[in-house]
Amino acid sequence: MQDILTIWDWVEFAVRWVHVITAISWIGSSFYFIALDLGLNRNIPGPADGEEWQVHGGGFYHIQKYLVAPEAMPEHLTWFKWESYSTWLSGAAMLILVYWMGAELYLIDPAKADLATWQGIAISAVSLTVGWLVYDFLCKSPLGERPTVLMLLLFALLVVMGWGYNQIFTGRAMMLHLGAFTATIMTANVFFIIMPNQRIVVADLKAGRKPDPKYGKIAKLRSTHNNYLTLPVVFLMLSNHYPLAFATQYNWIIAALVFLMGVTIRHFFNSMHARKGMPWWTWAVTAVLFILIAWLSTAGAEYDSYEESEARALSHREELLMAADGFEDVSWTIPGRCAMCHAREPSWPGIRQAPRGILLETPADIARAAREIYLQAGVTTAMPPANVSYMSDEERALIRRWYRDAADGSVMGLAMN
């Protein structure tokens, strides 16, 4: 039977795959209906609010939109909800698997806040709930009648949350949690507001009653917010693969600028689909924001120094790894094969920052990144890339023996961290 860390990694991979698939479904249907609604031909006779003719896959589609019920209200309606729910549920599973069960490695930064694992997990969970409650309160307040002001306050809330997360979590966890915070708002909009309001309208129509237009107005406001938040969420979810985005003291500012880019990009496409012209100025603004993000990513790169790495307090997990048989040999092997790239000042041509922010110069660095070393260079040959530093099979076997020895008696602890 494969060792538990390998199985655990495949579980993470499977959940991540499901998350990507469901996110594609949600984003695809959301973008399609936004474009469809904005592009409807409304200069038509009859009770329909608009129509559109489309061609796809060798067939023609005639789509009509009704604000009130057609003459014969259909018994069967296709509801678009599970795409959103499945995306959030699979994302929550990823949060638990990677950041909660790996809190010591990925979630908590002792240099920022000395938190116990349960405290970090509690803050993670509670913040997502509180964020939705604050946002929902703002939307239901009189500010709901002032959508522009409400959007500005939502942006301010996101900036404050990004800054707050960065005070206690790792940069990687800050980005991920801000994305989860935003995605929770989006899915909660669907579950608590949009779907219930649509059910009320459908029930009124089937009963022959005239629906109250306020329900459609409220749902439209929340859908608009979701439309503008989608692209930043995608960026934040991808950011954990790019240390240039998260391994900087300005990461929360980068996240704030990403939300602004989401607005400029969606404004261009929304205007185009509504046949209101193409505001090309949004491209220039987006490019300026992106250049500013790229500059901030290198202006505030955060890595502890060699001396700080040697002097920092070790976690219990790291102590187990450093005390295991074979660590001394591994601590000599890894820097020689990997530190030309995974260094505070990489020497490999073309590498300006350590890939994924992983440093492998000191014993403490190696203990911190043990899980990645074991999977990437021990169990598999993914690292070094193309084996450019000629790591031998014997050296890979040494890594496997060391990590498995450390795992004896603490299998689940190391596998999940």
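FYI, the numbering just counts along the sequence from 1. For the numbers below, each heavy atom of this structure counts, side chains included, while hydrogens, waters and symmetry mates do not.
- Crowding of Arg42 atom CZ: a count of heavy atoms from other residues, nucleotides or ligands under 6.0 Å exceeding 12.
- Glu145 has a carboxylate O that lies under 4.0 Å from a charged side-chain N of Lys217, or vice versa, which qualifies the two as a salt bridge.
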| Test ring pair (Phe, Tyr, Trp, His ring centres under 6.0 Å) applied to His267 and Tyr228, step by step | CA-CA 8 Å; His267 179 68; Tyr228 283 104; 7.6 Å; no
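- Remark: side-chain polar atoms of Ser124 are not paired, donor with acceptor, to backbone N or O of Gly120 under 3.5 angstrom.
- Within a 6.0 Å sphere centred on OH of Tyr242, other residues, nucleotides and ligands contribute 12 heavy atoms or fewer.
- Ion pairing of Glu318 with Arg371 is absent here, as no side-chain N (NZ or NE/NH1/NH2) approaches a carboxylate O to less than 4.0 Å.
- Looking at Arg344 and Glu361, their side chains come closer than 4.5 Å, going by heavy atoms from C-beta outward.
- Trp280 has its ring centre less than 6.0 Å from the ring centre of Phe268.
- The cationic atom of Arg400 (NZ for Lys, CZ for Arg) does not lie both less than 6.0 Å from the six-membered ring centre of Tyr374 and within 45° of the ring axis.
- The environment of Arg199 atom CZ is dense: over 12 non-hydrogen atoms of other residues, nucleotides or ligands sit within 6.0 angstrom.
- Taking CD of Glu52 as the reference point, atom CD1 of Ile44 lies at 10.5 Å (rounded to 0.5 Å).
- Within 6.0 Å of the CH2 atom in Trp163, the count of heavy atoms belonging to other residues, nucleotides or ligands does not exceed 12.
- With sequence neighbours excluded, no residue forms a ring pair (Phe, Tyr, Trp, His ring centres under 6.0 Å) with Trp332.
- No more than 12 heavy-atom neighbours from other residues, nucleotides or ligands sit within 6.0 angstrom of CD on Glu328.
- At least one side-chain heavy atom of Val190 sits under 4.5 Å from a side-chain heavy atom of Tyr85.
- Counting heavy atoms of neighbouring residues, nucleotides and ligands inside a 6.0 Å radius, atom CG of Asp114 does not exceed 12 of them.
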